[in-house]
Number of protein chains: 2
Amino acid sequence: MRLLLIEDERELAAALSGALSKHGIVTDHTMYLADAFELTRQNSYDAILLDRRLPDGEGLTFIPMLRRAGTYTPIIVLTARNEPLERVEGLDVGADDYLGKPFLVDELMARLRAVLRRPPSLTELKITVGRMLIDPLHLSVTVESTPLDLPRRELLVLAALAKRKDKTVLRSTLEAAVYNYEEEIQSNALDAHISRLRKRLLDAGAGVAVHNIRGVGYLLKEE
Amino acid sequence: MRLLLIEDERELAAALSGALSKHGIVTDHTMYLADAFELTRQNSYDAILLDRRLPDGEGLTFIPMLRRAGTYTPIIVLTARNEPLERVEGLDVGADDYLGKPFLVDELMARLRAVLRRPPSLTELKITVGRMLIDPLHLSVTVESTPLDLPRRELLVLAALAKRKDKTVLRSTLEAAVYNYEEEIQSNALDAHISRLRKRLLDAGAGVAVHNIRGVGYLLKEE
DNA sequence: CCGCGAAGATTGCGGCAGCATTACGGGGAG
DNA sequence: CTCCCCGTAATGCTGCCGCAATCTTCGCGG
């Protein structure tokens, strides 16, 4: 589990990071809202712990900002500003919970767990083709809910085809999906991958077929 | 919106019902757990407000009972038993929030809104794989109900894998689950953890296997 | 209907990247 | 002081994947 801690009191932050790490929680720490926003763009956190009084502004303003950017990571506000009406304020701008300082780490942990009892991610993009379920984000493929592990390059080809199933994918598009600009190919490596992928899909009974459109590219279709 | 209020103080219940009705909320009220359970079977509530001290028992016992019956309606505990450790207790049996009496109706409303914003929590608290039972929130592992204690980093790896059992977990995801951005690794530390974890799982007869998908990541599967 | 050329399919081979394992030592907790 | 976690690095190995040779398929023109 990985948290983002936005807090300007260094000692508290250090102590909290230490205490959380004993619970197996990895913590990234920053004092600034601007940094925090950047960090949320680069990493995926399970939850965010947010102080209100921060050097570059009121912490609460961070919440609508984040939500507007499409991030719905649970947020727990940790603050000395703990009047009932301040709690209302915090919860109503979108915080998931609100905990006044000082607090017991045990209670923070319990509130974290309560907030995290929810489905992992709302934005899991999945594609079904034939008997297969493809998750291009996690590069995972299952056939009838039994996992199918493919070599990386074949996975990339399959994912690229699946994203445009029933439509032709240009040969050049496939190459771009599998190779970055540093790795250049001078052979029919892509064809080889297609071939091996076909065989593996057949063996697994995936219920799909990779068709070739001569001179153009390939196409993934159910059988 | 329709709530179920489980509370034995008549005046408080009446006052609360009145106050909530001003916000357009319909409230069903009962003093007894037995009745409450029956009501949840007959009606569908948006949330449940639960007192702890009730004529026919401790209110908290209601929560696992309800969850076991497959009902995941959000629950807010309202009680005078408001010590931090009591709050932990309440949240850890599955309450979504915990509010000490006395409270402002405005705060209750705000917490209600916060709880209702969260996606419905269908998430299982525990994960079973092979002979293991894993609680990723408390980071505890048991094999055939005897506890298995693993070093922290290995636990984190295992929990991350368990949360996506039978699906691939990207190498980068595992790294993010174990290390924060300050601690960078320049070696195969993760591989070492995997290796040691495998051995420990084998010794414990856990009945699971950690598979590698070359160039992609890892995957936890029953043997 | 036939023949020819180009694109694609398939497969064995070899190099090497990525993984598994393990020993070692520093460092932190009790 | 002692234990053990954990990062590091050395070693060996597996199998992915680029390459190329060979065979097959497709489309077009005569």
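Order of the sequence lines sets the chain letters (A, B, ...), proteins ahead of strands, with each chain counted from 1.
Counting to the nearest Å, the C1' atom of dC6(D) and the CG atom of Leu150(B) are 14 Å from each other. Following rounding to the nearest Å, Leu174(B) (CG) and dC6(D) (P) show an atom-to-atom distance of 16 Å. To the nearest angstrom, C1' of dC16(D) lies 14 Å from CG of Leu197(A). For Leu158(A) and dC16(D), the CG to P distance is 16 Å, given to the nearest whole Å. We find that CD of Glu183(B) is positioned 13 Å from P of dG28(C), with the value rounded to whole Å. The CG atom of Leu201(A) sits 14 Å away from the P atom of dA9(C) (whole-angstrom rounding). Regarding Arg200(A), its CZ atom lies at a distance of 10 Å from the C1' atom of dG15(D), rounded to whole Å. Summarising the geometry, the separation between CG on Leu219(A) and P on dG8(C) is reported as 14 Å, rounded to the nearest angstrom.
Taking the six-membered ring where tryptophan is involved, the planes of Phe37(A) and Phe62(A) are perpendicular, since the angle between them exceeds 60° and thus also 30°.
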What nitrogen or oxygen pairs link the protein and nucleotides 11-13 of chain D at under 3.5 Å?
none

Show me the protein contacts with nucleotides 17-23 of chain C, counting only N or O atoms at under 3.5 Å.
{"residue": "dA17(C)", "atom": "N3", "partner": "Arg214(B)", "partner atom": "NH2", "Å": "3.3"}
{"residue": "dG18(C)", "atom": "N3", "partner": "Arg214(B)", "partner atom": "NH2", "Å": "3.3"}
{"residue": "dC19(C)", "atom": "OP1", "partner": "Gly215(B)", "partner atom": "N", "Å": "3.1"}
{"residue": "dC19(C)", "atom": "OP2", "partner": "Arg171(B)", "partner atom": "NH1", "Å": "3.4"}
{"residue": "dA20(C)", "atom": "OP1", "partner": "Arg198(B)", "partner atom": "NH1", "Å": "2.8"}
{"residue": "dA20(C)", "atom": "OP1", "partner": "Arg198(B)", "partner atom": "NH2", "Å": "2.8"}
{"residue": "dA20(C)", "atom": "OP2", "partner": "Tyr218(B)", "partner atom": "OH", "Å": "2.6"}
{"residue": "dT21(C)", "atom": "OP2", "partner": "Ser195(B)", "partner atom": "OG", "Å": "3.4"}
{"residue": "dT21(C)", "atom": "O4", "partner": "Asn188(B)", "partner atom": "ND2", "Å": "2.9"}

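Residues satisfying the side-chain hydrogen bond (donor to acceptor under 3.5 Å, both in side chains) test with Glu86(A), not counting sequence neighbours, are Arg81(A).
Checked for salt-bridge contact, Glu83(B) and Arg87(B) miss the test: no charged N lies under 4.0 Å from a carboxylate O. Ion pairing between a basic and an acidic side chain is recognised when a charged N comes within 4.0 Å of a carboxylate O; Arg2(A) and Asp46(A) show no such pairing. Using a cutoff of 4.0 Å between basic side-chain nitrogens and carboxylate oxygens, Glu89(B) and Arg52(B) are scored as salt-bridged.
The distance from the NE2 atom of His29(A) to the CG atom of Leu49(A) is 10.5 Å, given to the nearest 0.5 Å. The line from CZ of Arg113(A) to CG of Leu108(A) is 9.5 Å long, rounded to the nearest 0.5 Å.
A donor-acceptor contact shorter than 3.5 Å links the side chain of Thr168(B) to the backbone of His138(A). One N or O on the side chain of Glu58(A) and one on the backbone of Leu60(A) form a donor-acceptor pair closer than 3.5 Å.
Ala189(B) comes within 4.0 angstrom of a base, heavy atoms only.
OP1 or OP2 of dC17(D) has not a single side-chain nitrogen or oxygen of Tyr179(A) nearer than 4.0 Å. Phosphate contact (OP1/OP2 of dG7(D), side-chain N/O of His193(B), threshold under 4.0 Å): present.
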